[in-house]
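All chains are named by letter (A, B, ...) in the order of the sequence lines, taking the proteins before the strands, and each is independently numbered beginning at 1.
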Protein chains: 2
Amino acid sequence: MEYTIGTQAVSTRDIVYRSLKNQILLLELPPGTGISEKEISLKFNVSRTPVRESFVRLAQEGLLAVYPQRGTVVSLIDSELVEEARFMREHLERAVIREACRSFQARNLIDLKANLDKQKLCIEDQDYKEMFMLDEEFHHVIFTGCNKKNTWEVIQQIKVHLNRSRMLKLTADHNWEHLYQQHYCLYEAIEQHNINQGDQIMQEHMALTIADQEMLMAKYPQYYKQRPEN
Amino acid sequence: MEYTIGTQAVSTRDIVYRSLKNQILLLELPPGTGISEKEISLKFNVSRTPVRESFVRLAQEGLLAVYPQRGTVVSLIDSELVEEARFMREHLERAVIREACRSFQARNLIDLKANLDKQKLCIEDQDYKEMFMLDEEFHHVIFTGCNKKNTWEVIQQIKVHLNRSRMLKLTADHNWEHLYQQHYCLYEAIEQHNINQGDQIMQEHMALTIADQEMLMAKYPQYYKQRPEN
DNA sequence: ACTACCATACTACCATACAAGTATGGTAGT
DNA sequence: ACTACCATACTTGTATGGTAGTATGGTAGT
């Protein structure tokens, strides 16, 4: 028998893990919310074991804070961590776009162009939900095209810490047209092997994602980790 | 009562987790080794529960591959992942050293100089084990000095995938004197705010860590993940 | 009214039992 | 000799009970 990796349809643990992660990132479980293994196991109608193991994973990703014998809470947003996540993402994405401008697989360039065309349609249709997904996919294709799939995965992990801030900011004020222009310039840079243009545009592109931490901390102080120490 | 985070001395789960992780990174548990929850729980004289939760964490870090109902093995080294880990580390460390050359906390600069002096001593004494730790600490201080502690943590995670290759390479052939010279130049760059020198030296410094994957895959094929797909 | 104490109801942690899928070796049948 | 089948001994996944530490609210004493 061949090794069919994905044999297990989907374990209870994964269901609980993904559901909790979604609720946390969407702020349906706001930072600071107390949750217990028992509570979650009752809600999902499963035993505490898969819930516990989900907690272990979420704690490792920094989304839960487990205090033995005291309780578990959805972790507060750490503004220092958010800033560093932005820092890491910027420099990794720039390094990758430079790499993409040097060499890029032809078939992924086609996917990139197709993605751009779909973006244009979405803007006309004002389908911002789809546009959000296309934005994600656009960057994903860039990583794939220069053999940086694992780097993409790492960035996804890092971005977890950016997402909750961005969610607070309310994404409604995005300038989708501007976003599209930048994406087009990135595509152009890759196609024409223009490393400087790629790096420059990506730097500006990353600047768009800066959520104003100071403002958010003032508006939602209960969601942020205070750091009186030092 | 104040919130004393580190109240729990150390959980069984953490003991098992750290022990297994050490053994894997030191290749005492070579890539491909099959291990079962029961086997480990017997060895540590604990129940399967903390062992399982250790497995969950190690699997998330990519050090274990769990196949439901079939078994668990120490993950094979993924040469593509190793290359990308090198890529990510290089660009993050360079971004950080540039930041350090712009602004650096005075007290950390003192620590850095003290570390350098200790390195010199270790070379004279040929205490390479200590030198290895000082090397790690040197980089750590740089991250701390420009407020990039979280970035350091992320790099530590990424480096996991580099460590096993480096371990195979046998670290004996390190040119410690050269290493020291580079460290000194990095220190100098930070002190004199010479961004270009910092970036340049760090780039060379990272190049030292390149383990020759081709050679290692030929020498230890059973430790490497083959990728016939594509 | 206020404080010190304690019973009680939590919490996460660990051990154990059961369930379900998989690999393996032996055996019966050809 | 070879093949198909099946019992058995594994594996990980899930459920549940018990333990120890912690927060809380009520009560007795001042």
Side-chain angles (χ1 to χ4, degrees), chain A residues 1-21 24 29-76, chain B residues 1-21 24 29-76:
Chain A
M1 180 60 65
E2 310 308 304
Y3 54 100
T4 49
I5 299 296
T7 250
Q8 173 98 348
V10 57
S11 64
T12 304
R13 178 176 63 206
D14 288 340
I15 294 174
V16 175
Y17 166 75
R18 276 199 273 268
S19 174
L20 286 178
K21 185 166 180 175
I24 293 173
L29 287 173
T33 306
I35 60 176
S36 73
E37 299 172 1
K38 188 160 192 174
E39 169 196 353
I40 303 298
S41 68
L42 288 177
K43 184 184 289 184
F44 284 87
N45 209 22
V46 298
S47 78
R48 301 197 316 273
T49 303
V51 175
R52 263 185 71 75
E53 294 174 357
S54 299
F55 278 25
V56 169
R57 294 185 64 180
L58 292 168
Q60 186 158 348
E61 297 185 69
L63 292 177
L64 286 185
V66 177
Y67 304 105
Q69 273 68 41
R70 301 183 50 170
T72 300
V73 298
V74 178
S75 70
L76 296 174
Chain B
M1 181 58 63
E2 311 308 306
Y3 54 99
T4 49
I5 300 295
T7 250
Q8 172 99 346
V10 56
S11 65
T12 303
R13 179 177 60 205
D14 287 342
I15 294 175
V16 174
Y17 167 75
R18 275 200 275 269
S19 173
L20 286 178
K21 184 165 178 175
I24 293 173
L29 288 173
T33 306
I35 60 177
S36 73
E37 299 171 1
K38 186 159 194 174
E39 169 196 353
I40 302 299
S41 68
L42 289 176
K43 183 183 290 183
F44 283 88
N45 210 21
V46 297
S47 79
R48 275 181 53 210
T49 303
V51 174
R52 262 186 75 76
E53 294 174 357
S54 300
F55 277 29
V56 169
R57 294 184 63 180
L58 292 168
Q60 186 157 348
E61 298 185 67
L63 292 177
L64 286 184
V66 177
Y67 304 104
Q69 274 71 43
R70 300 182 52 167
T72 300
V73 299
V74 178
S75 69
L76 296 174

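Remark: P of dA23(C) and CZ of R70(B) are 4 Å apart, rounded to the nearest angstrom. Rounded to a whole Å, the OH atom of Y17(A) is 16 Å from the P atom of dG13(D). Per the geometry, CD belonging to E53(A) stands 14 Å off C1' belonging to dA12(C), to the nearest Å. Between the CZ atom of F55(B) and the C1' atom of dT11(D) there is a distance of 11 Å, given to the nearest Å. Remark: C1' of dT14(D) and CD1 of I15(A) are 13 Å apart, rounded to the nearest angstrom. Protein atom CG of L58(B) is 13 Å distant from nucleotide atom P of dT12(D), rounded to whole Å.
In the region residues 32-51 of chain B, proximity to DNA chain C at under 4.0 angstrom, judged on heavy atoms, holds for V46(B), S47(B), R48(B), T49(B), P50(B).
Annotation: side-chain hydrogen bond (donor to acceptor under 3.5 Å, both in side chains) contacts of S75(B) (sequence neighbours excluded): R164(B). R13(B) is linked by a side-chain hydrogen bond (donor to acceptor under 3.5 Å, both in side chains) to E53(B), counting only residues two or more places apart in sequence or in another chain. Looking at residues two or more places apart in sequence or on another chain, you find a side-chain hydrogen bond (donor to acceptor under 3.5 Å, both in side chains) between S19(B) and Q23(B).
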Let me check something: any side-chain donor-acceptor pairs from residues 33-40 of chain B under 3.5 Å, sequence neighbours excluded? List them with distances.
unit_1, atom_1, unit_2, atom_2, d
T33(B), OG1, P30(B), O, 2.5
S36(B), OG, E39(B), N, 3.1
E37(B), OE1, R48(B), NE, 2.9
E37(B), OE1, R48(B), NH2, 2.7
E37(B), OE2, R52(B), NH1, 2.9
E39(B), OE1, S36(B), N, 3.2

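Using a 4.0 Å cut-off between a side-chain N of Lys or Arg and a carboxylate O of Asp or Glu, R57(B) and D14(B) qualify as a salt bridge.
Q69(B) contributes no side-chain N or O that forms a donor-acceptor pair with the base of dT22(C) under 3.5 Å.
Residues P50(B) and S47(B) share a closest heavy-atom pair of CD-OG, 3.2 Å. Between L29(A) and L20(A), the shortest heavy-atom contact is CD1-CD2, 4.1 Å. Nearest heavy atom pair, residue V66(A) against residue A59(A), reads CG2-CB, 4.2 Å.
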- prompt: In dot-bracket notation, what is the pairing pattern of DNA chain C, taking Watson-Crick (N1-N3 plus N6-O4 or O6-N4) and G-U wobble (N1-O2 and O6-N3) contacts under 3.5 Å, with [ ] crossing and | for other strands?
  reply: ||||||||||||||||||||||||||||||
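Side-chain N/O atoms of S11(A) include none lying less than 4.0 angstrom from OP1 or OP2 on dG13(D).
Using a 4.0 Å heavy-atom criterion, one finds that R13(A) contacts the sugar-phosphate atoms exclusively.
In summary, of the residues considered (L63(A), L76(A), I24(A)), a side-chain contact (heavy atoms from CB on, under 4.5 Å) with P31(A) occurs for L76(A) alone.
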